[in-house]
Visitor: 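I'd like to ask you about the structure that follows.
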Amino acid sequence: MESNEKKRILSMYQCTGTFTLGNYLGAFKNALRFQEEGYQCAYALADLHAITVRQEPAQLRKYTQDAYAFLLAMGIDLSKTLFFIQSHVPQHAQLAWILNCYTQFGELSRMTQFKDKSAKHADNINAGLFTYPCLMAADILLYQADFVPVGADQKQHVEIARDIAERFNGIYSPTFTVPEPIIPQHGARVMSLQDPTRKMSKSDGNNNGCISVLDDPDTIMRKFKRAITDSEACVRYSDDKPGVKNLMEIYSCITGKSMEEIEGEFAGKGYGDFKPAVAEAVIGELRPIQERFKEILQDKDYLQRCCRENAEKAGSIAQRTVSKAMKKIGFLPMK
Ligand code: AQP
């Protein structure tokens with residue numbers, strides 16, 4: 001079997017709010033798995049992407065710092081993994097401009113995220129919202145990533161990055177690794193506790209539907225106790241029971257138990273037993289991370305050093321790619 005060692009994985013997370021249990025179970029646990037499986041992982045906080053929607057400056061700074069500290073607390077190991085903040089590495093914006101000129105208006109018009117976000121923020125349909133796939137392509141191509149983990153609904157982003165890379169490579173000569181999307185085998189798509197037909201989201205207006213990774217135990221318990229279920233009062237895994245299905249998936253993701261095992265564990269019991277058990281599992285999972293998070297936040301020097309050193313390392317990898325692309329295009333080198 002081919003070793004993972006030389007394969008690079010790139011993943012970026014938006015720091016537009018406090019991370020949710022959905023981010024944690026759907027993305028971060030896999031990020032740790034990739035790190036342990038020997039991939040060369042590059043993870044980043046996508047703060048340049050965040051400003052396609054208006055952000056309050058002090059909030060954005062806080063969310064970014066908290067997000068960095070949270071991922072370190074969770075177990076991102078800087079001796080194995082590159083972890084940086086996108087705006088600290090100017091090559092992202094630089095390559096994004098270049099890639100803008102190799103991307104067609106029609107391709108960008110077809111992106112579903114543009115359609116969704118422009119409908120949601122009709123008062124601020126800015127050019128960044130339209131061209132963000134070029135920035136995303138730059139994020140991926142700068143690091144010559146082989147794989148980009150995505151949810152099933154995000155494959156379109158990697159596909160456009162592949163198209164741009166192939167186009168550029170075709171016009172000049174091989175310059176960018178053409179990335180492949182991978183849909184991780186583990187992890188759940190976590191749905192809102194108040195509307196299990198919608199995904200749990202940082203920007204959800206209904207705070208009760210969303211578990212923040214920094215929620216205290218009482219809040220987590222309260223939100224799970226109020227979670228929408230159904231009137232059957234039976235812990236059974238079925239598409240007809242989206243609320244219960246969601247809770248079972250969360251429980252399974254944390255405990256490692258199969259759906260049959262969970263059904264067995266709660267046979268003859270109602271939601272009054274099941275919901276607090278799910279809450280306890282989540283509280284137990286998050287507690288040590290929250291404690292470490294608070295310690296890391298106390299040590300601002302350490303945090304700043306980690307951010308700076310990682311941005312420098314990322315910058316030197318990114319610069320090699322930008323220089324290569326600029327040379328192919330015909331920009332006169334500065335001697
Ligand atoms: N509910 C979810 N279930 C499983 N995975 C999820 N992810 C997000 N929500 C869920 C995954 O988390 C990673 C990082 O996502 P992101 O922060 O870049 O942005 P997002 O997907 O847009 O997350 P939000 O919380 O829904 O943000 P807002 O509210 O700002 O739009 C991704 O891998 C994503 O799949």
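One is the number of the first residue; the rest follow in order along the sequence. Indexing begins at 1, ligand by ligand and atom by atom, following the structure's order. As a basis for the values below, the full set of heavy atoms in this structure was taken, side chains included, without hydrogen atoms, waters or symmetry mates.
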Visitor: Pick whichever of G26, S201, A67 has a heavy atom sitting closest to atom 24 (P) of ligand 1.
Guide: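 Heavy atom nearest to atom 24 (P) of ligand 1 belongs to S201.
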Visitor: Just to be sure I'm reading this right: ignoring hydrogens, which of N23, L45, V53, T20 gets closest to atom 7 (N) of ligand 1? Compare them by their nearest heavy atoms.
Guide: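 Among N23, L45, V53, T20, the closest heavy atom to atom 7 (N) of ligand 1 belongs to N23.
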Visitor: Within the 4.0 Å heavy-atom shell around R189, which atoms of ligand 1 are there?
Guide: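 Heavy-atom distances to R189 below 4.0 Å select 3 (N), 4 (C).
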Visitor: Please list, in number order, the atoms of ligand 1 under 4.0 Å from a heavy atom of Y13.
Guide: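 Atoms satisfying the 4.0 Å criterion: 14 (C), 18 (O).
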Visitor: Report yes if some N/O of K202 lies less than 3.5 Å from some N/O of ligand 1; otherwise report no.
Guide: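 Yes.
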Visitor: Indicate the ring-plane relationship of F84 and H92, choosing parallel, tilted or perpendicular according to the 30° and 60° boundaries.
Guide: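 Ring orientation, 0 to 90° scale: tilted.
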Visitor: With atoms numbered from 1 as shown, which atoms in ligand 1 lie under 4.0 angstrom from a non-hydrogen atom of Q14?
Guide: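 Near Q14, meaning under 4.0 Å from one of its heavy atoms, ligand 1 has 16 (P), 17 (O), 18 (O).
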Visitor: I'd like to check whether A27 has a polar contact with ligand 1, where a contact means an N/O of the residue lying under 3.5 Å from an N/O of the ligand.
Guide: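 Such a contact does not occur with ligand 1.
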Visitor: Where is the tightest heavy-atom contact between L99 and A138, given as atom of each residue plus distance?
Guide: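 So the two residues come closest at CD1-N, 3.5 Å.
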Visitor: Is there a side-chain contact between N310 and I85, using heavy atoms and a 4.5 Å cut-off?
Guide: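 A side-chain contact is absent here, since even the closest heavy-atom pair is not under 4.5 Å.
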Visitor: Kindly identify the option in V190, V150, N246 whose heavy atom sits closest to atom 1 (N) of ligand 1.
Guide: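 Shortest heavy-atom distance from atom 1 (N) of ligand 1: V190.
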Visitor: Near T16, which atoms of ligand 1 are under 4.0 Å from a heavy atom of that residue?
Guide: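 Near T16, meaning under 4.0 Å from one of its heavy atoms, ligand 1 has 30 (O).
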Visitor: For T321 and Y143, run side-chain contact (heavy atoms from CB on, under 4.5 Å): C-alpha distance rounded to whole Å, both residues' side-chain angles, the deciding distance at 0.1 Å, then the answer.
Guide: CA-CA 7 Å; T321 306; Y143 301 93; over 6 Å; no
Visitor: Please check if any side-chain donor atom of E249 sits under 3.5 Å from a side-chain acceptor atom of Y237, or the reverse.
Guide: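 Yes.
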Visitor: Is a donor from one side chain sitting under 3.5 angstrom from an acceptor on the other, for T219 and D216?
Guide: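 Result is yes, a qualifying pair exists.
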Visitor: Among T81, V148, I182, D146, exactly one meets side-chain contact (heavy atoms from CB on, under 4.5 Å) together with I9. Which residue is that?
Guide: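 Result for side-chain contact (heavy atoms from CB on, under 4.5 Å) with I9: I182.
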Visitor: Have D47 and Y63 got a donor and an acceptor in their side chains that come within less than 3.5 Å?
Guide: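 Short answer, no.
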Visitor: If the cut-off is 4.0 Å to any non-hydrogen atom of M200, which atoms of ligand 1 fall inside it?
Guide: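 Under 4.0 Å from M200, ligand 1 has these atoms: 1 (N), 2 (C), 9 (N).
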Visitor: Considering distance alone, does some N or O of M191 sit under 3.5 Å from an N or O of ligand 1?
Guide: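 No, no N or O pair falls under 3.5 Å.
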